[in-house]
Structures are given as structure tokens and as C-alpha cells.
Amino acid sequence: MAKRDYYEVLGVPRNASEAEIKKAFRRLAMKLHPDRNPDDNVALEGFKEAKEAYDILGDAQKRAAYDQFGHAGVDPSFGAGPGGGPGGASFSDIFGDVFGDIFGGGRGGRQPNYRGADLRYNLVLTLEEVVHGTTVKIRVPTLVLCAECDGNGARKGSQPTKCTTCGGIGQVRMQQGFFSIQQTCPRCRGEGVTISDPCPKCRGAGRIEESRTLSVKVPAGVDNGDRIRLAGEGEAGEKGGPPGDLYVHIRVKEHPIFSREGNDLFCEVPIAFTTAVLGGELAVPTLEGRVMLKIPPETQSGKVFRLRGKGVRPVRGGATGDLLCRVAVETPVNLNEEQKRLLRDFEATMERNGSHHSPKQSSWLDGVRSFFDNLKL
């Protein structure tokens, strides 16, 4: 049976780029893979056909021969030797090419450069700093590219050499019966190169430990648990790979006066018994300075006063939060005899007027009486 044109098998034009050919093969491989189509011989044959086409068109030298001579140019009988042509690929080769390309193994080439690790730094700030914004200097220990060898791990003036065990491809094949198993090269650990004369500064690692001082701009309005990303400020990548990122996590110290909930601030304001009864003005703190809070007569303990716009400006824009002041009426202490006598006289005048002056206490006592009356029934 005549073989189909390889370009037709993959569904790409003859001038398709290497990336387009690889993309087309991945799509077919995932669609026709035996694991997705158990006991489907048609899908299996289609999978093998796509693999055969990709083996040729994905290799520049074989593709050139195919474009010039057709199937005859890549036929194993023309000198490729056993297993050298597309028909000689083992099932393990199919797995290696499909999933190696998708997950980073590659078609026998070197392993890709590894991206550096991301780092985390816990930055402790005061409430004032996160509300108004600030710029701080931090010192971060990390791995940086070795300047002596420019990250390749070899002594200055020398270069890494091709691994003699795997021939520079980073992988070796082991034959076990009918199956050919591809493994990471034990000598170069998949890098494809070895270093015979390592750099004395980094000892061949290509990276060294170093502490860097960075400037972190903290925008106004950030909250506890927020994080700031500094792109490219993480660890340097291995073998020239891109660096990771640095994530600065914000932690806010407990404030002696204010607590924060979203964009609002809360504080408790103690006031004198006489101020609560007769009313008056009281200076209360805000993060911008003092303001005068007007206390109306007969203010009860627990009353909350809202100072609009005295809270936190949101980091992503929007209306500024409020400051909520909760009043706590303070009971007088350390009274002298005259003060106690005056209070007893005051209490006597209160009792003569019944519950008129203590509406909450009266309603609470009525509720207690009703509770006990229901228990007796």
C-alpha cells in the first residue's frame, strides 16, 4: 500500500515552519494516542502514521531529502540501517517524542534551561506606613549568576564540552527486549555537556550565594497579607536560564489605638461619666492628626460615631474608608467621701423619678421578670 504524503498526514502546507509542524503533530498525537483510544486499531495506525511523518518533517536533514526525493529519499533500505528510518521507531520512541516535546524533554536535544526559583520575603510595616505608602530597603539572600564564568560553570577561558556518554543529547537509550527505553544521561544529568575545568568561584554551579539590597515601593492602602511582586528579582536560573521573581508579603504590626477592617479604621474612645450625661467635645486621634468629636448629651456606652473619609484609601482606587469611634463611658474611681455623698444624693433623686432616667435598665428588668414568670408556669 502506497504511503500518504507526509505533509498531507499532518495537515500542513509544504512551506510550513518547524513550529507549525510540531503543533500539528501534537494535536494529532493527543487525539489518536492509544491511551485515549483503547482497542482502536484505526487510531493506532493513524498515530503511527503521524509519528512517522513527524520523524521526517521534524528533522531538517530528513525533510530536505524527502522534499527532493519523496519517500525514496528517507526509505530505510537506502542506508538508514535497522531502526534508522521512520518505520524502525519503537513504541517507547513515540512516547518520548510526544511527551518529551510537550513537557520539556525534546527530541533528543539538550534539556531546556531551568528558570530560577521564586523567593518570598516577609516585610513587617506599621499601620501608618501601609495607609500612607512608603519605600523601604530590604536585604535578600539569593543565588545570582556567577560573573566569573558568566553562568556556564567553566573556568574563565574554557567552555563546557560535549558529554561523551550521550553524545550531547542529554539522554541515553537502553534496549530491553523489544523495547527501547530512553533515560536521562547519568554522567551529565541531562545537560548534554560536562565541565572538566570548573570555575573556582562557583565550583561549576554557575551561581553563587549573595545578598542583594533592593528598594521596595509599597503603595498606599495595602493590607495585611497582600504581596508585591518584583519580577526577575528571584534566584538566577541554572545554566543561563531566566531568573525567578521575588514576592514581598506584607505583615502589619498591631497598632496601639487603631484596628483595621477593609478600608475602615476602628478605635475605642473612653469618655467621662459627666461628658456622656451632659455632652461636650472630645479630641480624638486620626492618622492625619487630631479632630474634635462632638458628644451629644445622654450618650450611651457603646455608641459608635463615624468620621467619614478618615480611614484608608484603597490601593486600587475608590472611596476612602471611614474612622469609627466607639464610645466607652468610664466609671469614676478613687472617689473621696464628699464625692460619694454627692452621688448618693444624686441616686436618691433618680429613684424618686422612677425609671424615667434609665430606660434600658427598666426594659431589661421587665424582661427578667417575664422570664422568671414563664418558668413558674
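Values in this document were obtained by computation on a predicted structure and should not be read as measured data.
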Whether [X] side chain and [Y] backbone form a donor-acceptor pair below 3.5 Å:
| X | Y | value |
| --- | --- | --- |
| R260 | G262 | yes |
| E129 | T126 | yes |
| E45 | V42 | no |
| R207 | A236 | yes |
| D264 | E261 | no |

[X]: salt bridge (Lys or Arg N to Asp or Glu O under 4.0 Å) partners, not counting sequence neighbours:
| X | result |
| --- | --- |
| E268 | R326 |
| D39 | none |
| R212 | E233 |

**OP:** Quick one: list whatever passes side-chain contact (heavy atoms from CB on, under 4.5 Å) with L342, sequence neighbours left out.
**Re:**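 Partners of L342 by the side-chain contact (heavy atoms from CB on, under 4.5 Å) criterion, ordered by chain and then number, come out as E338.
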Original post:
Under the side-chain contact (heavy atoms from CB on, under 4.5 Å) test, which residues partner P200, sequence neighbours left out?
Top reply: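 Applying side-chain contact (heavy atoms from CB on, under 4.5 Å) to P200 gives R155.
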Subject >> Pairing residues for H255 by the ring pair (Phe, Tyr, Trp, His ring centres under 6.0 Å) criterion, not counting sequence neighbours >> reply: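 Checked H255 against ring pair (Phe, Tyr, Trp, His ring centres under 6.0 Å); matches are F258.
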Original post:
Does R251 have any side-chain hydrogen bond (donor to acceptor under 3.5 Å, both in side chains) partners at least two apart in sequence or in another chain, and if so, which?
Top reply: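 R251 satisfies side-chain hydrogen bond (donor to acceptor under 3.5 Å, both in side chains) with no residue once adjacent residues are dropped.
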Subject >> Counterpart residues, side-chain hydrogen bond (donor to acceptor under 3.5 Å, both in side chains), relative to N37 (two or more places apart) >> reply: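 Here no residue qualifies.
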**OP:** Not counting sequence neighbours, list each pair that qualifies as a side-chain hydrogen bond (donor to acceptor under 3.5 Å, both in side chains) and has a residue in residues 240-250.
**Re:**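 Those involving residues 240-250 are R115-D245, R229-D245.
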Give the other cluster members for [X], using side-chain heavy-atom distances under 4.5 Å between Ile, Leu, Val, Met, Phe, Trp and Tyr residues; answer none if it is isolated.
| X | answer |
| --- | --- |
| V333 | none |
| V304 | F266, L324 |
| L143 | none |

For the residue pair [Y] / [X], report whether a side-chain donor-acceptor contact shorter than 3.5 Å exists.
| X | Y | result |
| --- | --- | --- |
| Y6 | D67 | no |
| Y54 | R26 | no |
| R313 | T320 | no |

Original post:
Which heavy atom of N152 sits nearest a heavy atom of I195, and at what distance?
Top reply: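 Looking at all heavy atoms of both residues, the shortest contact is O-CD1, 3.4 Å.
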Original post:
At their closest point, which heavy atom of D322 faces which heavy atom of R308, and how far apart are they?
Top reply: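 For D322 and R308, the tightest heavy-atom pair comes out as OD1-CA, 3.2 Å.
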